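Encoded as structure tokens, the structure appears first; notes follow it.
In this text, all values refer to a predicted model and were calculated from it rather than measured experimentally. When a ligand or atom number is given, it counts from 1 through the structure's own listing order.
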Amino acid sequence: MIIGVPGEIKNNENRVALTPAGVVSFLNAGHKVVVEKNAGLGSGFTNEDYLNAGAEIIESASDVWAQAEMIMKVKEPLAKEYEYFREGLILFTYLHLAAEPALAQALKDKGVISIAYETVEVNRTLPLLTPMSEVAGRMAAQIGAQFLQKTNGGQGILLAGVPGVSRGKVTIIGGGVVGTNAAKMAIGLGADVTIIDLNADRLRQLDDIFGNQIKTLMSNPLNIAKAVKEADLLIGAVLIPGAKAPKLVTEEMVQTMKPGSVIVDVAIDQGGVVETCDHVTSHDHPTFEKHGVVHYSVANMPGAVPRTSTIALTNVTVPYALQIANKGVLKAISENEALKLGVNVANGEITYETVAKDLGYDYMTVEKALVKDFATN
Ligand SMILES: NC(=O)C1=CN([C@@H]2O[C@H](COP(=O)(O)OP(=O)(O)OC[C@H]3O[C@@H](n4cnc5c(N)ncnc54)[C@H](O)[C@@H]3O)[C@@H](O)[C@H]2O)C=CC1
Ligand SMILES: CC(=O)C(=O)O
């Protein structure tokens with residue numbers, strides 16, 4: 001199979017979908033890899049590194065898309081990339097389609113087999129989302145601390161406090177991978193940390209992990225309203241796989257926060273959990289202010305630490321991509337339930353149930369969407 005790696009074009013997205021080590025894995029299995037010129041530079045991988053690994057370097061993105069049977073990317077394609085879509089092309093990347101209706105429509109219209117990293121699922125874990133959630137969770141606490149500084153528009157709070165002065169309060173809604181990693185960093189910074197989750201077992205695990213270093217609360221509107229009001233830094237970290245994030249923090253709750261408090265809505269890639277986080281921001285202009293509160297809603301946070309993130313991401317994506325390349329997409333997904341759950345669009349149908357529901361499409365199982373191909377393979 002020919003695997004294509006275009007450069008990322010989202011604002012300040014410096015990750016790349018394959019490292020030179022990943023190229024070697026594909027070549028050893030008998031495949032060919034074409035990489036857009038300079039695609040790896042932001043992550044510290046030169047064209048020469050890719051050539052030495054055995055990839056072909058191609059000048060233009062359009063030629064990479066045209067030659068490849070499977071495109072590996074990091075972020076969802078942007079509108080200017082839709083023209084490269086074609087029937088039967090395999091696209092393996094983050095998609096977040098519940099928050100990207102135009103992209104979902106384009107993938108449907110063009111018959112692209114679209115496999116989303118974020119819905120590949122094993123035993124209720126999301127192995128291709130986890131490393132980036134680890135990165136974004138850790139970043140959320142340090143970014144929040146930075147924007148709490150007066151010089152950056154915040155109220156002028158040091159999360160650690162000092163002897164004789166209270167610590168800053170951090171409220172984290174969603175105690176999964178992002179939430180746990182945000183908590184680790186916030187505790188390390190000396191903050192007073194509260195984690196809210198809907199899953200009582202998860203709250204027990206968090207209590208076992210962090211003990212008295214955190215407070216845990218069950219997710220309900222009263223607890224959320226109280227913890228939001230008290231928070232100096234609020235971190236949104238809820239996920240219902242594939243679905244649009246629920247708006248758990250209302251505008252009224254945000255209005256109760258102290259001026260200069262900070263919200264980092266990490267879940268913005270799925271639409272965000274904070275009502276006032278009503279648009280995605282970029283690394284160039286990461287924040288906006290509403291009701292006196294600093295809002296940060298960058299949907300590609302790990303793009304700012306691309307060296308760490310590219311290596312962490314490709315560590316987990318390459319084994320799955322190799323299965324697709326080795327077996328073909330149909331055999332790979334029929335033999336691997338985790339990968340099958342990654343298929344969001346196939347043969348013009350939406351094949352992930354919560355995405356279909358949120359976007360108002362009929363849902364079709366992958367098997368049914370690909371029924372002719374399954375019958376003949
Ligand atoms: N902005 C960015 O650059 C990045 C964003 N993310 C996003 O961060 C979000 C969180 O991801 P993960 O932590 O990996 O997910 P996860 O699945 O590990 O954790 C989600 C948590 O939310 C909890 N939850 C669900 N409904 C809830 C509710 N009503 N109230 C409170 N908690 C609730 C779940 O019980 C679970 O513990 C996702 O949308 C993910 O795509 C991840 C990486 C980068
Ligand atoms: C998860 C995701 O969308 C990201 O790492 O950018």
Side-chain angles (χ1 to χ4, degrees), residues 8 10-17 73-77 93-100 116-140 143 171-184 194-206 216-224 227-228 234-249 263-274 277 280-283 286 296-306 308-310 312-314 316-317 354:
E8 295 297 320
K10 200 172 175 118
N11 181 282
N12 273 291
E13 183 48 80
N14 288 299
R15 288 172 287 179
V16 62
K73 271 182 57 62
V74 178
K75 289 309 288 183
E76 72 283 351
T93 188
Y94 287 120
L95 286 172
H96 303 293
L97 290 183
E100 295 287 341
Y117 293 158
E118 73 274 8
T119 63
V120 171
E121 185 174 336
V122 184
N123 300 330
R124 296 185 169 212
T125 68
L126 306 169
L128 306 193
L129 180 62
T130 296
M132 295 305 96
S133 291
E134 290 167 339
V135 170
R138 288 174 189 214
M139 286 177 74
I143 284 168
T171 294
I172 301 169
I173 308 184
V177 180
V178 167
T180 305
N181 280 277
K184 270 187 195 161
T194 299
I195 309 182
I196 301 178
D197 203 288
L198 195 60
N199 178 337
D201 287 335
R202 184 64 196 151
L203 291 177
R204 281 188 196 98
Q205 287 167 350
L206 290 166
T216 57
L217 285 175
M218 177 51 69
S219 179
N220 62 48
L222 278 184
N223 280 343
I224 291 175
V228 167
L234 172 67
I235 296 176
V238 163
L239 176 65
I240 299 159
K244 222 165 159 45
K247 295 287 180 199
L248 300 174
V249 179
I263 296 174
V264 178
D265 198 349
V266 184
I268 192 70
D269 56 355
Q270 294 287 145
V273 295
V274 180
C277 266
V280 171
T281 57
S282 68
H283 287 290
Y296 176 101
S297 51
V298 174
N300 61 331
M301 294 169 66
V305 286
T308 304
S309 300
T310 288
L313 179 63
T314 57
V316 292
T317 52
T354 48

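Summarising the contacts of atom 23 (C) of ligand 1 with T125, D197, V135, the nearest heavy atom is found in D197. When the options S297, A99, G176, S133 are ranked by their closest heavy atom to atom 12 (P) of ligand 1, first place goes to S133. The residue among M301, R15, E76, K75 with a heavy atom at the shortest distance from atom 5 (O) of ligand 2 is R15.
Closest protein heavy atom to atom 1 (C) of ligand 2: L129 CD1, 3.5 Å. Protein heavy atom at the shortest distance from atom 10 (C) of ligand 1 is A237 O, 3.6 Å. For atom 33 (C) of ligand 1, the closest non-hydrogen atom of the protein is V238 CG2, 3.7 Å.
Heavy atoms of Q270 come nearer than 4.0 angstrom to ligand 1 in at least one pair. Using a 4.0 angstrom heavy-atom cutoff, A299 counts as in contact with ligand 2.
At a heavy-atom distance under 4.0 Å, only side-chain atoms of H96, from C-beta outward, approach ligand 1.
Near H96, meaning under 4.0 Å from any of its heavy atoms, are these atoms of ligand 2: 1 (C), 2 (C), 3 (O).
At least one N or O atom of V178 sits closer than 3.5 Å to an N or O atom of ligand 1. In terms of N/O distances under 3.5 Å, ligand 1 is approached by V266.
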